[in-house]
Amino acid sequence: MLKAMIRLQWKGCWHLVVALAVAALALPIVSVRTGWRSSGEQLPRFLIELQLWGLFYPALAALVAVTLAAAIWASDRRGHHIYALLLPIPRWRYVLLRYLAGLVLLLPLVLALWLGAVIATSSLDMPPGLRQFPHALAVKFGLALLLLFGLAFAVAAASRRALGIGMKLVGLFIAVHIAVILLSPRTNLIWTVMTALSTWPGPLAPLGGRWMLIDV
Amino acid sequence: MSTAIETRGLRYAASRDFAIEDLNLKVPTGALYGFLGPNGCGKTTTIRLLLGLLRPDAGTVRLLGHDLPAGLPQALAGTGVVPDRPHLHRYLTVRDALDFHGAFYSRWDDKWARELTGEFRLLPDQKIAGLSKGETAKLMLLLALCQMPELLVLDEPMDGLDPVVRRDVLTALLDYVSQRGATVFVSSHLVHELERFCDWVGVMDRGRLVVELPMEEFRSGNKRIRVTGSPAAAPGDPPFTLLARETGAGPSETWVVRGWQPEMTGWFERSGIAVRDVADLDLEDGFVELLRAFRARSA
Amino acid sequence: MSRPVLGILLLALAGPAAAQNAAAWRDSAYRLSTERQRVWDSLMQDFSEAEEIARRAGLVVSATTEYRAIAEDVLGRFDSARRRWFGPALPAAAGFRITLRSGESWSFGRRTSGPQSLSIAGIPDTDETFRLAPFVPDETLGSAEKAAQRLLGEYGALMMASAPAAIRGWLRAGSLTEFSVDSRREGAMYSLVTGVGKAQRDCVRGDSQSCAHALGIRRSGDPDAGGEYYPLVRADLLLAALEQGGEWAWTRLMAVESGTVEQALAAAAGMPADSLLLRWRDGLLALQPDRGPLDLSAAGLILGWSALILAAGLGIARWV
């Protein structure tokens, strides 16, 4: 069944996978070449440029996650999930098959990024003190993809009722935030929540840190 | 009598103005069950309830011996479904759809699937999005049949199809049923369509089951009787179901009845009513009169 | 004319001229001192609320209201850092004073507090040697660490003013203690590993001769040796030498009045320059982060959250 699901999703998403793989392959190469040029071939400035380019890795992971998750579920959503519900397997198993097949689709993207990173780092003659991290960066990208894809997948798979509840909760939170701000201007609930999410052990914490292909 | 489909006290409020009420359906195993009803009476909603696509507000559903919703995957393993609207992934080819569908059914007959593809004149490499309405209907039936199901549920399968396609669909369906002895549950609003091959009929109207009985009984028991005399003097309840009474010219009346037996003329004679003529009603007329009587009683 | 006679004659002639010059100098110095005092007084007028907070081994700290809470902590940090590098040496025997200032505080158009100050003085406290730290309008000195660092920066400048000329020239007027230890060390490490010149690369590889060339201590004679490190890196080396050399390192460095930079550094560190260079290089390379972009604990966290999110996803995908 998993093989069939992988084939199904490949048929539906291959054009997206190819396009995103090209982007993943290009990112490290472009970051190194552009960074080197913009820095005037000054290494300290080059490292700063690379640090700025590093923001594109989690951004690309987010783009891949959202795009693929939406594409995976598009056909099911159009058919109101009737085909899935009429198959002789529990609903959760169908969702799990979709998820696992989706992970398989992510592999070419991670490989593409790894290849791009290897090409990029082999194109420059770096001083011996600097270290290159093509493999570690690719693995970090893969892990970021895993996390973000899971999030996007869950939202794309959610029932209308669940999405409606989710939207209401978000609306309620915003209303509470506004009320709190009016009563106590120094309290920022949104900031508090964002901080909790993006600092250890929040889910977004691992997406921070350094995304440096070349570093000290 | 064992049943392939059984519901008890099924209730579902589809909206503020429409609800399935107290539905007690019994589809015998091996039957070719025609589920009749006018447009908007709740046939598709009922089928969705039977297949677990909707959750009932009350009542139980039992499909191939499995109680829903707990036994739904097991029940669906033996059920081939052709829904009212196409539900396939449109970017797949015919071959892709067969391969994907077949992966989920242990009894999937790949050889027969390819044979049937040829018989239905479907091109394996054609995308589903490019199929005509008739070709899509044939593909959906093909997918349902090649699962080798014990139960086939078809929701308005002939709707909008030309006679040639309809013939292809019906032939394939009847061939399968005759070879495998499967139960068929088919819904339609076209009486003559079901009359040809169904041996059981259930009539639905306004969310309620009006009647459920063997087709022969339904067909043969519906009569139009012309009588003269004073029917007001008739003693007690008649032994048949009176669907309608129309006054004619003079003292004569026309009665439309269900469940007629020839010996029931005795009841008229005892009441001093002369039976002038007993004519068969065709299925469509019988269906119309049945609904008319049901609506009159409900109002 | 014999030399001694000439000398006496010159002295006799120079005497009145010298006396005249000395008088002029004294007058101008007095005027300057008075002027400076007036400027000082006007500046300190706003700091009339400054009170002595604590004393410690030849140092005293005073502060206005906002900085009184941190003053003692600042004194402790300042003293411990300056002893680590300069031992018991002082910028001047006559004492010194360093003052930090921060501006007024305003809130919704109302002045909430006036100018604030924090001063450290070496006893005896005279105005012979003093520094008024550059005023940074938006800077607040709310943390003891930050205030101590600013004071150390000024102290380093005072100390360098009396350092041997070779050392001053070598540092090229860069500040010795301007940056915090962590910032300075990280900056030096960055410069070390990103140096693209041949000498810089060989220094990283462990060639002390190349390190010496890249730091401007000793020329290698190789025309292709390439560029040199920035003053920040040199400052880091000097401070490393002072730390290595212990309590009297600065005193030994000051004793090499007319020697080379290499001799001064070796004297301060108490070891040969090559040993110092290799030890310094190793210390900086040890500051390189021991991990790259990937963190095993982060990987574990992602796997955990992904499992949780998947479970939630399976739950909310209820289409019936």
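Every value quoted in this text rests on a predicted model; they were computed, and no experiment measured them.
When every heavy atom of C/L301 is checked against every heavy atom of A/P201, the shortest pair comes out as CD1-O, 3.6 Å. Listed here is the closest heavy atom pair of C/L310 and A/L96: CD2-CD1, 3.9 Å.
In this structure, chain C has heavy atoms under 4.5 Å from both the backbone and the side chain of A/R210. Contacts of C/A312 with chain A are absent, with no heavy-atom separation under 4.5 Å from either backbone or side chain. Contact of A/Y99 with chain C is made through the side chain alone, with heavy-atom distances under 4.5 Å. Heavy-atom distances place the backbone of A/A144, and not its side chain, under 4.5 Å from chain C. Looking at A/L213, there are no atoms closer than 4.5 Å to chain C (heavy atoms on both sides), in backbone or side chain. For a residue to count as touching a neighbouring chain, one of its non-hydrogen atoms must lie under 4.5 Å from one of that chain's; by this rule A/L85 touches chain C with the side chain only. Residue C/L285 does not touch chain A at all, counting heavy-atom pairs closer than 4.5 Å.
The number of heavy atoms from other shown groups lying within 6.0 Å of CZ (C/R77) is above 12. At most 12 heavy atoms of other shown residues, nucleotides or ligands fall within 6.0 angstrom of atom CG in C/L296.
Among C/P289, C/A307, C/G313, the residue with the largest count of heavy-atom pairs under 4.5 Å with chain A is C/P289. Of the listed residues (A/A157, A/P127, A/G202, A/A156), the greatest number of heavy-atom pairs within a distance under 4.5 Å of chain C belongs to A/P127. No other option in A/L130, A/V216, A/L147 has as many heavy-atom pairs under 4.5 Å with chain C as A/V216. Between chain A and the residues C/I309, C/L287, C/V320, the largest count of heavy-atom pairs under 4.5 Å involves C/I309. In terms of heavy-atom pairs under 4.5 Å with chain C, the best-connected choice from A/G209, A/G150, A/A162, A/A136 is A/A136. Chosen from A/V95, A/L207, A/L163, the residue pairing most often with chain C at heavy-atom distances under 4.5 Å is A/V95.
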### Query
So A/L146 and C/L303, side-chain contact (heavy atoms from CB on, under 4.5 Å) or not? Walk me through it.
CA-CA 8 Å; A/L146 177 70; C/L303 290 172; 3.6 Å; yes
### Query
Step by step, would you call A/L137 with C/L294 a side-chain contact (heavy atoms from CB on, under 4.5 Å)?
CA-CA 7 Å; A/L137 189 69; C/L294 189 60; over 6 Å; no
### Derivation of the side-chain contact (heavy atoms from CB on, under 4.5 Å) call for A/R161 and C/R318
CA-CA 9 Å; A/R161 189 164 163 264; C/R318 288 185 183 278; over 6 Å; no
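A/P90 meets the side-chain contact (heavy atoms from CB on, under 4.5 Å) test with A/W92, A/R93, B/P73; sequence neighbours excluded. By the side-chain contact (heavy atoms from CB on, under 4.5 Å) test, C/A240 is found to be paired with C/W280, residues two or more places apart in sequence or in another chain being considered.
You'll find the side chain of A/K140 stays beyond 4.5 Å of the side chain of C/I302, heavy atoms only. In this structure, C/I316 and A/V155 have side chains that are not in contact, with every pair of non-hydrogen atoms separated by 4.5 Å or more.
Under the side-chain contact (heavy atoms from CB on, under 4.5 Å) test applied with C/P293, the options A/W211, A/F133, A/Y57, A/F141 reduce to a single match, A/F133.
Residues from residues 202-214 of chain C that place a non-hydrogen atom less than 4.5 Å from a non-hydrogen atom of chain A comprise C/V204, C/R205, given in numerical order. Residues of residues 186-199 of chain C lying under 4.5 angstrom from chain A, judged on non-hydrogen atoms, are C/M189, C/Y190, C/V193, C/T194, C/G195, C/V196 in numerical order.
Note that CH2 of A/W200 is 4.0 Å distant from OG of C/S297, once rounded to the nearest 0.5 Å.
Side-chain atoms of C/Q288 never come within 3.5 Å of backbone atoms of A/D215 as a donor-acceptor pair (strictly under, hydrogens ignored).
Note: A/Y94 and C/W319 have perpendicular aromatic rings, judged against thresholds of 30 and 60 degrees for the angle between ring planes.
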